[in-house]
Amino acid sequence: MCGIAGAVAQRDVAEILIEGLRRLEYRGYDSAGVAVINGGELQRTRRVGKVQELSAAIESEPLAGGTGIAHTRWATHGEPNQSNAHPHISTDTIAVVHNGIIENHVKLREMLKGLGYCFSSDTDTEVICHLVHHELKSHSSLLAAVQATVKQLEGAYGTVVIDKTDNERMIVARSGSPLVIGYGLGEHFVASDQLALLPVTRSFAFLEEGDVAEVTRREVNIFDVDGNAVTREIKESEVTHDAGDKGEYRHYMLKEIYEQPRALAHTLDGRIAAGQVLDSAFGDNATKLLKDIKHVQIIACGTSYHAGMAARYWLEDWAGVSCNVEIASEFRYRKSHLFPNSLLVTISQSGETADTLAALRLAKEMGYKATMTICNAPGSSLVRESDMAYMMKAGAEIGVASTKAFTVQLAGLLMLTAVVGRNNGMDEGLQAQITQSLQSMPAKVEQALGLDDAIAELAEDFADKHHALFLGRGDQYPIAMEGALKLKEISYIHAEAYASGELKHGPLALIDADMPVIVVAPNNELLEKLKSNVEEVRARGGLMYVFADRDAQFESDDTMKVIPVPHCDEFMAALIYTIPMQLLSYHVALIKGTDVDQPRNLAKSVTVE
Ligand code: GLU
């Protein structure tokens, strides 16, 4: 789930690998480790906590060697302690790093114990290194032993294996967890994300599902799931991001919040012409594939799910097609109904979200008319496996709590609404309004960022709070959900979101002076209804923070703080009201002193189910 880096080179690689891990830190992890082959021996250093601790340990006791593997672990099996940290080693010979989950590890562990192997960790991963060691007894090469091993593994893995008796090679295998090979001059690398390798190369080949590769200093030989030699295209990376650069900002999250006007301008670039959203925003074959769409099924997790929830209002209200939105982990394990002429839309920043990817594969088997992904990572699994891709072009998002990816997803989904709507008879006036709104988003977000100071002040009120309630109606209900999620993720305050109409069906019982209530209140046709909900809270002594349009006529008093949000149209209101929600959670987290960019227990790219 977290990070892998590996290298076969002539020079010492420990520093390169540690820098690689640093660049993957944003994904969240709990421990880190590295192993190199030095003079026919494996040298390993592992630490619980940050990569910095590992780096300090290696500085005081340097690791020399040109072949090595490194890992940041996000514990799935066994607590985050040093003996569970990767790399794992079998019989002092085979070292392994692994991202993912081996589902049949209990059975394999019993079998290997029966063969006399001793386990030194509680991880599922450790079965891989013993299994490779065992298979080497009956196979002539490390490659063949790893190929025989992966055939016995059930679950998801990106794994790299080295053997101390052969410092010339590493074997790399992928099934379910992404891996990319980096090509250098007389040296090769592997990582779970190209970002990790940008200091040493810009040439990359992405492994496909089931691939096993033998990587030496001079050669990379890739074999598919059936063992056939295959070529995977080597591409020059266009990623410009330097993961070490927070610029003037204290945190990546703040930087990314402030990058939103630019990210939105970038995502719109070249996708609107003559007042219309171009079909080509969704890929070359979009005109044909989107032609007869009558139903949209959106699948996503976490923040991306909230973007999908907002889009449901738009697709049904404005595009005139029916739309369902479902959490990927639910969709993939139930029998759902396939409507005629259905488009499946997955949303994922990383393009590697395990549940979303599994849902896409299921949908393809079910016979959806077309599949589309809204994704920020070129070359990722979702992009490769979908018929169409809306590439978000938001730039790398490093903060674990998603911000700019969310607003760019909203913009992409509004464009989809325009295109699907056009195919279903949306009138030209409405289309023009939507495009105008899209084009004025960057400037409007810039204005909304002007709320920063006022929100920083207001955040003080939350310093001693343990709970918060978020309310919204219509497409602001998912924005309330996103606001609650952001607050939970980075400040660890328990937060819930409700559609305001639900208040009296339960949550009203929670209202007292200790429960701040955050209300998102643009000036739309639901405003009067929302005002009644506000009165219901006021009557029960609740303290409210109302983010409201200047024309909504809310006034601050003892029980209510009103924060005026720049006036905006209904097409962009969800997006604009997201900005103060992001800023609120950021400032509350600052006051609480949490690790804003890498909140506890969370990972950025959720490549395990
Ligand atoms: N399941 C493995 C473990 O718990 C790997 C976790 C990861 O992907 O970091 O050690």
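Order of appearance sets the numbers: ligands from 1, and atoms from 1 within every ligand.
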Numbered atoms of ligand 1 (with element) below 4.0 Å of H98, judged on heavy atoms: 5 (C), 7 (C), 8 (O)
Atoms in ligand 1 flagged as close to H71, the criterion being non-hydrogen separation under 4.0 Å: 9 (O)
Pair E135-Q152, side-chain donor/acceptor within less than 3.5 Å: yes
Side-chain donor/acceptor of Y586 to backbone N/O of V596, under 3.5 Å: no
H105-H77 aromatic ring centre distance below 6.0 Å: yes
Where ligand 1 meets N99 - atom numbers and elements under 4.0 angstrom, heavy-atom basis: 8 (O), 9 (O)
Test of proximity, H77 against ligand 1: N or O pairs below 3.5 Å: yes
Ligand 1 versus T125: contacting region, heavy-atom distance under 4.0 Å: side chain
Per-atom contacts of ligand 1 with T123, taking only distances under 4.0 Å to non-hydrogen atoms: 10 (O)
Short N or O distance, G100 and ligand 1, threshold 3.5 Å exclusive: yes
Carboxylate-amine/guanidinium contact D595 R600, below 4.0 Å: no
Sub-3.5 Å N/O-N/O distance, D124 and ligand 1: yes
Between Y183 and H188, ring centroids under 6.0 Å: yes
Note: E19-R22 ion pair, threshold 4.0 Å (strictly below): yes
